[in-house]
Number of protein chains: 2
Amino acid sequence: MGLMATKPRRAPRRTEALSRDVIVKAAIEILDAEGEDALTLRALTVRLTTGYGAIYHHVADRGDLLAAATDDVVARLLADLVADAEPRQAPRALALGLFDAIVAHPWVGAQLNREPWRPALLDIYERVSEQLQALGVPDRALSDSASVLVSYILGVAGQNAANARALAASKMDRSAFLATVAARWSRLDPVKYPSVYKARTHLREHNDRQQFLVGVDVILAGIETVNRAGARPA
Amino acid sequence: MGLMATKPRRAPRRTEALSRDVIVKAAIEILDAEGEDALTLRALTVRLTTGYGAIYHHVADRGDLLAAATDDVVARLLADLVADAEPRQAPRALALGLFDAIVAHPWVGAQLNREPWRPALLDIYERVSEQLQALGVPDRALSDSASVLVSYILGVAGQNAANARALAASKMDRSAFLATVAARWSRLDPVKYPSVYKARTHLREHNDRQQFLVGVDVILAGIETVNRAGARPA
DNA sequence: GCCACGAATGGATCGTCGCTCCAAACCTGT
DNA sequence: ACAGGTTTGGAGCGACGATCCATTCGTGGC
């Protein structure tokens, strides 16, 4: 075996140590920049200039990584959202903070829906419960009330994630995409879909964030009404 | 070229004609029996004893197939749900019908969340709008009100789909799975999660269906309250 | 009666994915 | 110096969705 001068030595080791945290941060950057489908283990190895083994040494699997990224974003958000002094505004502020975070990171919305038992959603549920309790919701109605609000937030989060995915897949910019959607709605049969058809004119002035807030207000009003009226009939 | 007596003839053609509808029905059967991950094109070719080409001739791609299956289930459901004469009960009946359908076909919940612009959800939105209108919700508040309810339903649907996926992945039966979940909740830190911890005792007597209905009532009460109180301040 | 042509079909094949596995490289204590 | 454990890099596996093309069927024109 003579000239093995240039035998394919394996690549040198990374200088900075790898860690679960470094990997999660890199994952978040990929997710935010290119969407959830872009987070592949191969893309991660390229970005971190490492191999699969190194990553799987710190992370169980892709699901674990997505969950860790979601927990990270949600935990940071909840930490930043200091409790509003005004109890009546507190749930709104919390909900709006979640909404904004999910708009900024649509993949978080998808993940919360995919695995609702992970810490991220538990934290959210806990915070919502506390604020509803501070608002005067009786203990016996707390878990039901919190569930309604959390389910609503999850629903909106999921739709937001779906829209972001569709936008990314269409490879158009935001305004062109919205125009396409509006055009498709206008082509709907007004006989089969009278309500949807009527709503299409509002599409231009439509504001997702404001509509979300209206929904929160409706639910808060409903919680109040139900607990005031139905004060334990039994 | 002597003895080609047993040259590998391709398999004979199917006798009954293939069609988009036959394929969709087969997909629904697989989805109901084995969950959404089990719907692979290979499984479909086996079940239909055919090849990929035949399927892709009738169906654009896997997403198209899932959407078609969802549209089929939802359309059948909405057709069966004849309008309740009593307007106050109509939205509840609709919501409950959707809930039951999604419990029976958890993959429908996931798909509604994944692609909320497809006909299935449009139909749902339309029906909800009609019934809210019949209930006396003013036109200007219709789209917002319908959105809240639909988003809530979507949120619950998504959680249900997630639970079904987790149950299937765990390969346990339903009661063993619930016991595992309850055990995990009991191990939560009561200091960090006081509200969740308090709610754990209700887990035994917990009824998803009833909780869903409570949520619907809360939202309906909220819609009514908001529209009574805020009668156009401007 | 036959043939030509489009529609329908079966299956080999491709590229990509998540993940496993193992040897190489590194670290640490003795 | 060296042994044992930890961390790293990357070849390779099986499964997936999707494409592609040769084959086969059905059918309308002559």
Side-chain angles (χ1 to χ4, degrees), chain A residues 4 6-27 30-31 34-70 107 110-111 114-115 165 168-169, chain B residues 1 4 6-27 30-31 34-69 107 110-111 114-115 165 168-169:
Chain A
M4 301 183 70
T6 56
K7 73 174 170 183
R9 305 281 307 154
R10 75 161 39 192
R13 283 200 156 204
R14 2 180 343 94
T15 53
E16 335 121 50
L18 217 48
S19 72
R20 183 177 168 94
D21 208 59
V22 170
I23 295 174
V24 169
K25 297 291 189 233
I30 292 178
L31 287 165
E34 308 173 61
E36 39 184 331
D37 288 346
L39 179 65
T40 68
L41 289 183
R42 279 176 229 283
L44 255 188
T45 61
V46 170
R47 186 180 191 92
L48 294 171
T49 55
T50 181
Y52 299 98
I55 291 176
Y56 274 94
H57 182 75
H58 296 280
V59 157
D61 54 19
R62 187 176 184 271
D64 183 32
L65 188 57
L66 261 165
T70 304
W107 50 274
Q111 174 61 20
R114 203 171 296 124
E115 304 193 341
R165 229 176 309 130
Chain B
M1 317 271 270
M4 300 184 70
T6 56
K7 72 175 169 183
R9 305 283 304 157
R10 73 161 40 193
R13 284 202 156 203
R14 359 180 347 92
T15 51
E16 336 120 51
L18 216 47
S19 71
R20 183 177 169 93
D21 208 59
V22 169
I23 295 174
V24 170
K25 297 290 189 234
I30 292 178
L31 286 165
E34 307 174 61
E36 42 185 328
D37 288 345
L39 178 66
T40 68
L41 290 182
R42 281 166 178 39
L44 256 188
T45 61
V46 170
R47 187 180 191 90
L48 295 171
T49 55
T50 180
Y52 299 98
I55 292 175
Y56 275 95
H57 182 77
H58 295 281
V59 157
D61 54 20
R62 188 176 184 272
D64 184 31
L65 188 57
L66 261 161
W107 50 274
Q111 174 61 21
R114 201 171 298 126
E115 304 192 339
R165 230 176 307 132

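Letters go in sequence order (proteins before strands), and every chain restarts at 1. From a predicted model like this one, the values you see are computed outputs, not experimental measurements. When reading the values below, keep in mind they use all heavy atoms of this one structure, side chains included, and skip hydrogens, waters and symmetry mates.
Between A/Thr70 and A/Glu115 there is no side-chain heavy-atom pair separated by less than 4.5 Å. Considering only heavy atoms from C-beta on, A/Arg42 comes within 4.5 Å of A/Tyr52 through its side chain. By the 4.5 Å heavy-atom criterion applied to side chains, B/Gln111 and B/Glu36 are not counted as neighbours. Between B/His58 and B/Val24, every side-chain heavy-atom pair lies at or beyond the 4.5 Å cut-off.
Rounded to an integer number of Å, the gap from CD1 of A/Ile23 to C1' of C/dG18 is 15 Å. The separation between A/Leu41 atom CG and C/dG18 atom P is 5 Å, rounded to whole Å. Between the CD1 atom of B/Ile55 and the P atom of D/dC16 there is a distance of 13 Å, given to the nearest Å. Counting to the nearest Å, the C1' atom of D/dG10 and the OH atom of A/Tyr56 are 14 Å from each other. In this structure, A/Leu48 atom CG and D/dG10 atom C1' are separated by 15 Å, rounded to whole Å.
Closest approach to the B/Tyr52 side chain among C/dG11, C/dC19, D/dC16 is made by C/dG11 (side chain taken as heavy atoms from C-beta onward). With D/dG17, C/dC19, C/dT9 as the choices, the nucleotide that has an atom nearest any side-chain atom of A/Asp61 turns out to be C/dC19. Among the nucleotides D/dG17, D/dT8, C/dC19, the one closest to the side chain of A/Arg62 is C/dC19.
Across all strands, A/Leu65 comes closer than 4.0 Å to no nucleic acid atom at all (heavy-atom distances). Using a 4.0 Å heavy-atom cutoff across all strands shown, B/Leu44 reaches no nucleic acid atom at all.
One finds a side-chain N or O of A/His58 lying less than 4.0 angstrom from the OP1 or OP2 phosphate oxygen of D/dT8. Distances shown here put every side-chain N or O of A/Arg42 at or beyond 4.0 Å from the OP1 or OP2 atom of C/dT16. Between B/His57 and C/dT9 there is no side-chain polar atom (N or O) within less than 4.0 angstrom of OP1 or OP2.
Of the two residues contacting DNA chain C, namely A/Asp37 and A/Ala60, the nearest-nucleotide position lying further toward the 5' end is that of A/Asp37.
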For this session: Please test A/Ile23 against A/His57 for side-chain contact (heavy atoms from CB on, under 4.5 Å), starting from the C-alpha separation and ending with a verdict.
Result: CA-CA 11 Å; A/Ile23 295 174; A/His57 182 75; over 6 Å; no
